[in-house]
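The block underneath contains the structure these notes are about, expressed in structure tokens.
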Amino acid sequence: MTTSTQNDAPVTNTQPVPQVLKSPHLLGIAGLDADEITLILDTAEAMKEIGTRAIKKVPTLRGRTVVNLFFEASTRTRTSFEIAEKRLSADTLSIATATSSVTKGESLIDTVRNLEAMDPDMIVIRHASSGAPHLLARMCRSTIVNAGDGMHEHPTQALLDAFTMRSHKGKLAGLKVAIIGDLLHSRVLRSNILLLKTMGADVWLCGPATLIPAGLERFAVTVTTSIDTAVEGADVVMMLRIQQERMHGHFFPSVREYFSLFGLTRTRLARAKSDVIVMHPGPMNRGVEIDSEVADGPGSVILEQVSNGVAVRMAVLYLLAGRDLGLKTED
């Protein structure tokens, strides 16, 4: 593989790239290095081809059982994982907490221990508490995949975002990526910062002062409250949803004022590079963080992100199962 220096001159990396991930779990981007991220993205390229076939299925995870345990509402992530698992021929079970014993007062640990008694190979979990997947990884035999934990991380979303960027730009190093919106409550933000900085991107963050968490500067990013400044010359503009369900108090006067100051319009987007791509992790609130003309415009890759999510999650599941599939780690 090759990496890029600051002047973008290619340098050959003579170290062999591992064929599986170092950890048996995917708990966050924080645990991945640049080689592992590249491995996932490269593997996703091969997985994407499966989705173009008449029969969209391979026997790679035949006989494996994957439990999808979602303690928060989800459409894209849950469905994406389910499709990824089925395309790899895994046996899947999806559990919604509204129909589980959690409603009767059972704890997270007891729920998972009861599931583990049925010998699943992997548990994909989304939970409102930050660190829940890490707790399970310490206490469970199964491989744990973090599908979003509180306001902490959402690693597969950052990976599919990076896959989409690389597909359009050919690289991640040196790109100016502007991330705009509710920075305070976003787990997508944290994962994207960690991934993009690891891969050498120039990350700009923008939002109202009340929605900018303290200490972002330690990640070597540029923080501004001016959307015009953030968008200027950007290769990628990513809008984040206002997460009103996580807000306790008033962070801005009104939705109308928020859109007038921080909404992405066609006029504002004109400040970016001519080949800019517009991204959004969803769900998208039109007229709040993004104008419909932009969301449906020629630079929008929002639906492509959803499509790429299946390939990336297939890659993650495949690589996490790699030790048992006979793949090799780096010597």
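One is the number of the first residue; the rest follow in order along the sequence.
- In this structure, Ser142 contributes its side chain and Pro120 its backbone to a donor-acceptor pair below 3.5 Å.
- Taking both residues in full, the closest heavy atoms of Ala234 and Val276 are given as O-CG2, 3.6 Å, listed atom of the first, atom of the second, then distance.
- Counting heavy atoms of neighbouring residues, nucleotides and ligands inside a 6.0 Å radius, atom CD1 of Ile109 exceeds 12 of them.
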Check: Going through the distances and angles, do Glu293 and Arg266 end up as a salt bridge (charged side-chain N to carboxylate O under 4.0 Å, His left out)?
Finding: CA-CA 7 Å; Glu293 282 188 322; Arg266 190 166 57 180; 3.6 Å; yes

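- The distance from atom CG of Leu41 to atom CG of Leu159, rounded to the nearest 0.5 Å, is 6.5 Å.
- With hydrogens and angles ignored, the 3.5 Å screen pairs no side-chain donor or acceptor of Thr225 with any backbone N or O of Gly207.
- In this structure, His25 has its ring center no closer than 6.0 Å to that of His134.
- Rounding to the nearest 0.5 Å places CD1 of Ile180 at 13.5 Å from CG of Leu211.
- Distance alone, capped at 3.5 Å, is enough to place a donor-acceptor pair between the Glu36 side chain and the Asp33 backbone.
- Ser300 places a side-chain N or O within 3.5 Å of a backbone atom of Ala295 that can act as its donor or acceptor partner.
- Proximity of a side-chain donor or acceptor of Ser89 to a complementary backbone N or O of Val58 within less than 3.5 Å is detected.
- Taking NZ of Lys57 as the start and CZ of Arg62 as the end, the distance is 9.0 Å to the nearest 0.5 Å.
- Cluster membership for Ile242 and Leu184, using ILVMFWY side-chain heavy atoms within less than 4.5 angstrom, is shared.
- Remark: side-chain polar atoms of Ser186 are not paired, donor with acceptor, to backbone N or O of Leu183 under 3.5 angstrom.
- Distance alone, capped at 3.5 Å, places no donor-acceptor pair between the Ser129 side chain and the Ala132 backbone.
- Judged by the 6.0 Å distance and 45° axis criteria, Arg313 is positioned over the aromatic ring of Phe81.
- Note on residues 279-288: pairs passing side chain to side chain donor-acceptor pair (under 3.5 Å), not counting sequence neighbours, are His280-Glu289, Arg286-Ser292, Arg286-Asp296.
- Asp149 places a side-chain N or O within donor-acceptor distance of the main-chain N or O of Gly131, the cut-off being under 3.5 Å.
- For Arg190 and His154, the side-chain atoms include no donor-acceptor pair closer than 3.5 Å.
- Checking each of Asn146, Ile193, Leu194, Asn192 against Ile29 for a side chain to side chain contact (heavy atoms under 4.5 Å, CB included) leaves exactly one that passes, namely Leu194.
- Here the closest non-hydrogen pair linking Thr198 and Ala34 is CG2-N, 3.8 Å.
- With respect to Leu32, the side chain to side chain contact (heavy atoms under 4.5 Å, CB included) criterion is satisfied by exactly one of Leu39, Ile40, Leu195: Ile40.
- Looking at Thr164 and Asp161, their side chains never bring a donor and an acceptor atom within 3.5 Å of each other.
- Counting only distance, with no hydrogens or angles, the side chain of Ser307 and the backbone of Glu304 share no donor-acceptor pair below 3.5 Å.
- Note that CZ of Arg64 is 11.0 Å distant from CG of Leu320, once rounded to the nearest 0.5 Å.
- A side-chain donor from one of Glu82 and Ser94 sits under 3.5 Å from a side-chain acceptor of the other.
- A salt bridge links Asp228 to Arg268: one of the charged nitrogens lies within less than 4.0 Å of a carboxylate oxygen.
- Transitive grouping of hydrophobic side chains (ILVMFWY, heavy atoms separated by less than 4.5 Å) keeps Ile277 and Leu269 in distinct clusters.
- Smallest separation of non-hydrogen atoms from Ser74 and Arg126: CB-NH1, 3.4 Å.
- Checking side-chain atoms of Lys197 against main-chain N and O of Ala220 turns up a donor-acceptor pair under 3.5 Å.
- The structure places CD of Glu116 at 5.0 Å from CD1 of Ile123, a figure rounded to the nearest 0.5 Å.
- Here the side chains of Cys206 and Thr229 are not in contact, with every heavy-atom distance at 4.5 Å or above.
- Rounding to the nearest 0.5 angstrom, the gap separating the CG atom in Leu88 from the CD1 atom in Ile50 is 6.5 Å.
- Leu26 is connected to Val66 through a chain of hydrophobic side-chain contacts under 4.5 Å among Ile, Leu, Val, Met, Phe, Trp and Tyr, so both are in one cluster.
- Linking Ile, Leu, Val, Met, Phe, Trp and Tyr residues whenever their side-chain heavy atoms come within less than 4.5 Å leaves Val231 and Val236 in two separate clusters.
- Just one of Thr222, Val177, Ile179 meets the side chain to side chain contact (heavy atoms under 4.5 Å, CB included) condition when paired with Trp204; it is Thr222.
- Note on Met284 and Leu189: separate hydrophobic clusters, where clusters join Ile, Leu, Val, Met, Phe, Trp and Tyr whose side-chain heavy atoms are under 4.5 Å apart, directly or indirectly.
- A search for side chain to side chain contact (heavy atoms under 4.5 Å, CB included) contacts involving Asp119 returns Arg141, not counting sequence neighbours.
- Here Arg166 pairs with Glu45 in a salt bridge; the nearest charged N to carboxylate O distance falls below 4.0 Å.
- Between Glu153 and Arg187, none of the side-chain N atoms (NZ, or NE/NH1/NH2) sits under 4.0 Å from a carboxylate O, so this pair counts as no salt bridge.
- Here the options are Lys176, Lys273, Lys169, the test is side chain to side chain donor-acceptor pair (under 3.5 Å), and the partner is Asp235; only Lys273 passes.
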